[in-house]
There are 2 protein chains.
Amino acid sequence: MSMRETAPRPVEGAAKARRPRRLPARAAIDEIEETGETSATSGDLDLSGLDGVIGYTLRRAQLAVFEDFARRFARLDLKPAQYSVLLVIGDNPGRKQSEIAAALGIQRPNFVAMLDELERRGLAERTRSTTDRRSHAVVLTDAGEKLLAIARAEQAQQEIDLGAFLGDGGREALVGMLRRLARID
Amino acid sequence: MSMRETAPRPVEGAAKARRPRRLPARAAIDEIEETGETSATSGDLDLSGLDGVIGYTLRRAQLAVFEDFARRFARLDLKPAQYSVLLVIGDNPGRKQSEIAAALGIQRPNFVAMLDELERRGLAERTRSTTDRRSHAVVLTDAGEKLLAIARAEQAQQEIDLGAFLGDGGREALVGMLRRLARID
DNA sequence: GGATAATAGTTATGCTGTATATCAAATTAG
DNA sequence: CTAATTTGATATACAGCATAACTATTATCC
């Protein structure tokens, strides 16, 4: 993943976007309104056109949450994708490499290097299946299980914190809606 | 950051819609239960560990919404980032190139090619400022305004459709929470 | 006023994430 | 048995996003 450190966060329209960190200042808005439509003045820009856009806010929120994740997981040296792989392997030990990849929507070619890295770090292992010698059964090592346990706790804490940040039942409502959105097609 | 590469089909427990995928599950479940926790059997994987994770669902939802956006904007040949640039220029005509970029969180070097492309397509124009000959004031051409108007309508329709897809006030609640999340840091 | 610093746009470049084509080995289907 | 399919892997390409550094211009300060 590429979570930078202090750099500004993207904010691209209903799309990619980097991050405008702050709302247009009150003064700037007044100035814009007073001059009609032309905003060739100085001061903050009018970004109101993006304010209520789901795609835009979704993207920004996702980046912010991933940055938060990156901070929390820095000590574990785990990127979100790596965590998700560890988690799915941990919950589905012995599954085929391609099954893990497919479950996470990762292309098989790209999953190879990811697993290589986890193996290099001694967190996961590929074992040749005896029944189907094409496939690799993937499992976590003891070290992998141990790291996953810590990671799960870390992640649970993030859920708690974000849940508190959003109000009362907000987290559940949010996740529910996000899951619905994720199935649009 | 990369939680995935293609949109995998989230495996959902109950509810509705299509999916005869549950069939093999029965046998698989029996087998799993009989072997305890090991899921090295066949059938769907257990992804329950990711189900309630905000970061994961956020990412998934964002990708799905972007895909929806891509379909809707295919005819306009506009990517989300391009739409956001057109929108911000349209709402802030005559601003400096770097101001537009900064507002969207786009690095100035990366913004050059984006503007080049919009200019090439006759949608935007750079004009040398007379007061500060270093800067370029950016505006939309008539064609750019025209395309933006269509794009705005397209985008508004997406909001309507997503709003309907989420229930009753769901869109507003969602955007509100996303905006809160976007400013965690 | 002239040296120095800062700003705006640009070019070059690199890393990460994700996609496709293709291959060899192994397995399955016809 | 032969052909098709599956699995893991390699090579490769492209988009997104970042930094360094150059040029032209403007601002600052002694």
Side-chain angles (χ1 to χ4, degrees), chain A residues 1-13 15-19 42 59-60 62-63 66-67 70 78-82 84-85 94-119 124-138, chain B residues 1-8 42 59-60 62-63 66-67 70 77-85 94-119 124-138:
Chain A
M1 138 180 18
S2 65
M3 230 103 235
R4 286 84 214 152
E5 37 277 74
T6 13
R9 194 107 33 34
V11 164
E12 274 154 345
K16 341 215 106 182
R18 258 98 225 287
R19 90 113 51 105
S42 56
R59 173 70 170 152
R60 301 247 297 127
Q62 185 254 304
L63 288 168
F66 269 40
E67 270 188 22
L78 282 180
K79 294 188 251 186
Q82 291 176 312
S84 71
V85 170
R95 288 300 200 132
K96 290 189 292 187
Q97 184 173 321
S98 55
E99 285 179 315
I100 305 290
L104 289 168
I106 300 172
Q107 300 296 130
R108 272 156 34 230
N110 297 331
F111 193 63
V112 173
M114 292 188 66
L115 244 193
D116 284 349
E117 172 65 10
L118 294 180
E119 228 173 7
E125 271 176 358
R126 288 183 246 229
T127 65
R128 211 93 210 177
S129 165
T130 49
T131 62
D132 184 341
R133 282 156 28 213
R134 285 173 301 187
S135 63
H136 288 167
V138 184
Chain B
M1 132 258 319
S2 62
M3 225 129 186
R4 36 91 57 34
E5 326 202 339
T6 287
S42 57
R59 174 71 172 147
R60 278 281 153 94
Q62 184 254 303
L63 287 167
F66 271 33
E67 271 183 31
D77 192 20
L78 281 181
K79 292 191 264 186
Q82 291 175 312
Y83 171 62
S84 71
V85 170
R95 288 297 200 134
K96 289 191 291 185
Q97 183 173 324
S98 54
E99 285 180 315
I100 304 290
L104 289 167
I106 300 171
Q107 300 297 327
R108 272 150 44 222
N110 298 330
F111 193 62
V112 173
M114 293 189 66
L115 244 193
D116 283 349
E117 173 65 9
L118 294 180
E119 228 173 7
E125 270 176 359
R126 287 183 247 228
T127 65
R128 210 93 211 177
S129 165
T130 49
T131 62
D132 184 341
R133 284 163 22 220
R134 287 172 298 186
S135 64
H136 289 168
V138 184

[N] [atom2] sits how many Å from [X] [atom1], rounded?
{"X": "A/Gln62", "N": "D/dC17", "atom1": "CD", "atom2": "P", "answer": "11 Å"}
{"X": "A/Leu115", "N": "D/dA9", "atom1": "CG", "atom2": "C1'", "answer": "12 Å"}
{"X": "A/Asn110", "N": "D/dG8", "atom1": "CG", "atom2": "C1'", "answer": "13 Å"}
{"X": "A/Gln107", "N": "D/dG8", "atom1": "CD", "atom2": "P", "answer": "14 Å"}
{"X": "A/Phe111", "N": "D/dG8", "atom1": "CZ", "atom2": "P", "answer": "9 Å"}
{"X": "B/Met114", "N": "C/dG9", "atom1": "CE", "atom2": "P", "answer": "15 Å"}
{"X": "A/Leu118", "N": "D/dG8", "atom1": "CG", "atom2": "P", "answer": "15 Å"}
{"X": "B/Arg59", "N": "C/dT16", "atom1": "CZ", "atom2": "P", "answer": "16 Å"}

Within the structure, does a side-chain N or O atom of [X] lie under 4.0 Å from either OP1 or OP2 of [N]?
{"X": "A/Ser98", "N": "D/dG8", "value": "yes"}
{"X": "A/Lys79", "N": "C/dT16", "value": "no"}
{"X": "B/Arg95", "N": "C/dA8", "value": "no"}

- Message: How long is the straight-line distance from CD of A/Gln62 back to CD of A/Glu67, given to the nearest 0.5 Å?
- Response: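 Between A/Glu67 CD and A/Gln62 CD, I get 10.0 Å after rounding to 0.5 Å.
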- Just how far is it from atom CG of B/Leu104 to atom CG of B/Asn110, taken to the nearest 0.5 Å?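 That separation rounds to 12.5 Å.
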- Who passes salt bridge (charged side-chain N to carboxylate O under 4.0 Å, His left out) against A/Glu125, sequence neighbours left out?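 Once residues adjacent in sequence are excluded, A/Glu125 has no partner under the salt bridge (charged side-chain N to carboxylate O under 4.0 Å, His left out) criterion.
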Residues in side chain to side chain donor-acceptor pair (under 3.5 Å) contact with [X], at least two apart in sequence or another chain:
{"X": "A/Thr131", "result": "A/Ser129"}
{"X": "A/Arg134", "result": "A/Asp132"}
{"X": "B/Arg108", "result": "none"}
{"X": "B/Glu117", "result": "B/Arg120"}

- Message: Any base atoms under 4.0 Å from B/Thr131, or only sugar-phosphate, or nothing? Heavy atoms, all strands.
- Response: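 Sugar-phosphate contact only - B/Thr131 comes under 4.0 Å of backbone atoms but never of a base.
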Can you identify which nucleotide, out of [options], has its nearest atom closest to the [X] side chain?
{"X": "A/His136", "options": "D/dT7, C/dT11, D/dA9", "answer": "D/dA9"}
{"X": "B/Ser135", "options": "D/dA9, C/dA8, D/dT25", "answer": "C/dA8"}
{"X": "B/Pro109", "options": "C/dA26, D/dA20, D/dA9", "answer": "D/dA20"}

Contacts under 3.5 Å, N or O only, protein and nucleotides 2-6 of chain D:
residue, atom, partner, partner atom, Å
D/dT6, O4', A/Arg134, NH1, 3.4
D/dT6, O2, A/Arg134, NH1, 2.9

